[in-house]
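One-based numbering, in listed order, for ligands and for the atoms of each.
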Amino acid sequence: MKPRVVLGVSGGIAAYKASELLRLLTESGHDVTVVPTEAALRFVGAPTWAALSGKPVHTGVWDDVHEVPHVRKGQAADLVVVAPATADLLAKAAHGLADDLLTNTLLTARCPVVFAPAMHTEMWEHAATVANVATLRDRGSVVIEPAEGRLAGADTGKGRLPDPEEIFEVCLDLLDRGAVEPDLAGRHVVVSAGGTREPLDPVRYLGNRSSGRQGYALARTAAARGSEVTLVSANVSLPDPAGVKVVRVETTGQLRDAVVSATATADAVVMAAAPADFRPVTTSDGKIKKPADGSAPSLELVQTPDVLAEISHDRARPGSVIVGFAAETGDETGSVLDLARAKLARKGCDLLVVNDVSGGAVFGSTHNQGVILARDGEPVEVPLGSKTALAHLVWDEVVRRFGA
Ligand code: CTP
């Protein structure tokens, strides 16, 4: 049976973005019932929700009363997600008010509940909203941090609805795990993601095919588990994970500086980025021209700094946990695992997540498989699964080492 999701929509201008979340949910095989508030219908009408979900749309508890909709929808749901959640909706949910179908559904739901707030910065920062969000989180609901950026009218600031794709990923994670424990609360973790680019001239660079998906999954799941997260992102075209500080870099040198500076206060660092190992000795100020005689220029390269080895060997904080990733192909000098064990020792990190990328697997895909090698223990097998599932396994291993 398809997982049943109730998509609550409350009355904010971001209501139209919920249609994208609805599409992501339905296209990935979820049975979605949309429950808007009356105010939400001023922004997006009931026919839109009915057509996109293929189901009737009600806002009140007085339609189809024989089916007892005010309790059935919440009881039957596997997940309730409210996007956007206005300050008013959060207040009602925090206080247990139930004056329409959505608030009744929230009171009767026994499944994970996600709120994706969207409002003006002043409303988000108001003591009333802060207290309501704290109450909802204490009760186990997930309240995603709003994004910063353009708000309704000419204003900008914190309060934007997180990208629908990000809300979708949070929903999938909760449907998969049932609940996410805040076992990284009070911690600061640093994650690097993406592939660095080393410029040859103003238009060309040496780069690689890393999409950044694994690093973004690590950042998102760490935030969901309660951590403060700094994400050092190299040339990634994915939406920012909600509630994460994103530092954008281009080259390995910039990535090194950003990671080293964030590491000073980090409890854990996960190097999921694929830094370019070499850069041109010189970068041409002008575009390198094609020689008329048909020849090709030769490139002289130097090695870039090895960030993982540097932060592992010169630990900024004793007791911090440092994790590397290794995309390996076996060769005549050894199997994938032999090479990975040697790399773990050489780099000096605590954990090394090893992917076998023979045949171009993994890059850009949404799934991952491999093994987590540890300096201090047995390897942990990573079954074929989503990058989110692998991210949780990595954090499980990190949390175990915090305890030790
Ligand atoms: N890494 C790094 N700095 C670099 C290169 C890699 O910090 N200049 C990190 C990556 O983020 C990853 C780990 O090192 O966590 C392993 O990356 P990989 O490319 O497999 O390691 P290399 O040292 O480049 O080894 P190889 O010779 O196999 O390419």
For ligand 1, which of its N or O atoms have a protein N or O partner closer than 3.5 Å, and how long is each gap?
unit_1	atom_1	unit_2	atom_2	d
ligand 1	3 (N)	Val307	N	3.1
ligand 1	7 (O)	Val307	N	3.3
ligand 1	7 (O)	Leu308	N	2.7
ligand 1	8 (N)	Pro305	O	2.9
ligand 1	11 (O)	Met271	O	3.4
ligand 1	11 (O)	Ala273	O	2.7
ligand 1	14 (O)	Lys347	NZ	3.0
ligand 1	15 (O)	Met271	O	2.7
ligand 1	15 (O)	Phe325	N	2.8
ligand 1	15 (O)	Phe325	O	3.2
ligand 1	20 (O)	Lys343	NZ	2.5
ligand 1	21 (O)	Lys343	NZ	3.4
ligand 1	21 (O)	Lys347	NZ	3.4
ligand 1	23 (O)	Lys347	NZ	2.7
ligand 1	24 (O)	Asp277	OD1	3.1
ligand 1	24 (O)	Asp277	OD2	2.9
ligand 1	25 (O)	Lys343	NZ	3.2
ligand 1	28 (O)	Lys343	NZ	2.8

Lys/Arg N to Asp/Glu carboxylate O, Lys158 vs Glu125, below 4.0 Å | no
Electrostatic pair Asp396-Arg400, nearest N-O below 4.0 angstrom | no
Has the side chain of Arg204 got a donor or acceptor atom that lies under 3.5 Å from a matching backbone atom of Ile288?
-> yes
Heavy-atom check, side chain of Val142 versus side chain of Pro112, under 4.5 Å = no
Indicate whether the side chain of Ser335 and that of Asp338 have a donor and an acceptor atom separated by less than 3.5 Å.
-> yes
Test salt bridge (Lys or Arg N to Asp or Glu O under 4.0 Å) applied to Asp376 - qualifying residues, sequence neighbours left out = Arg401
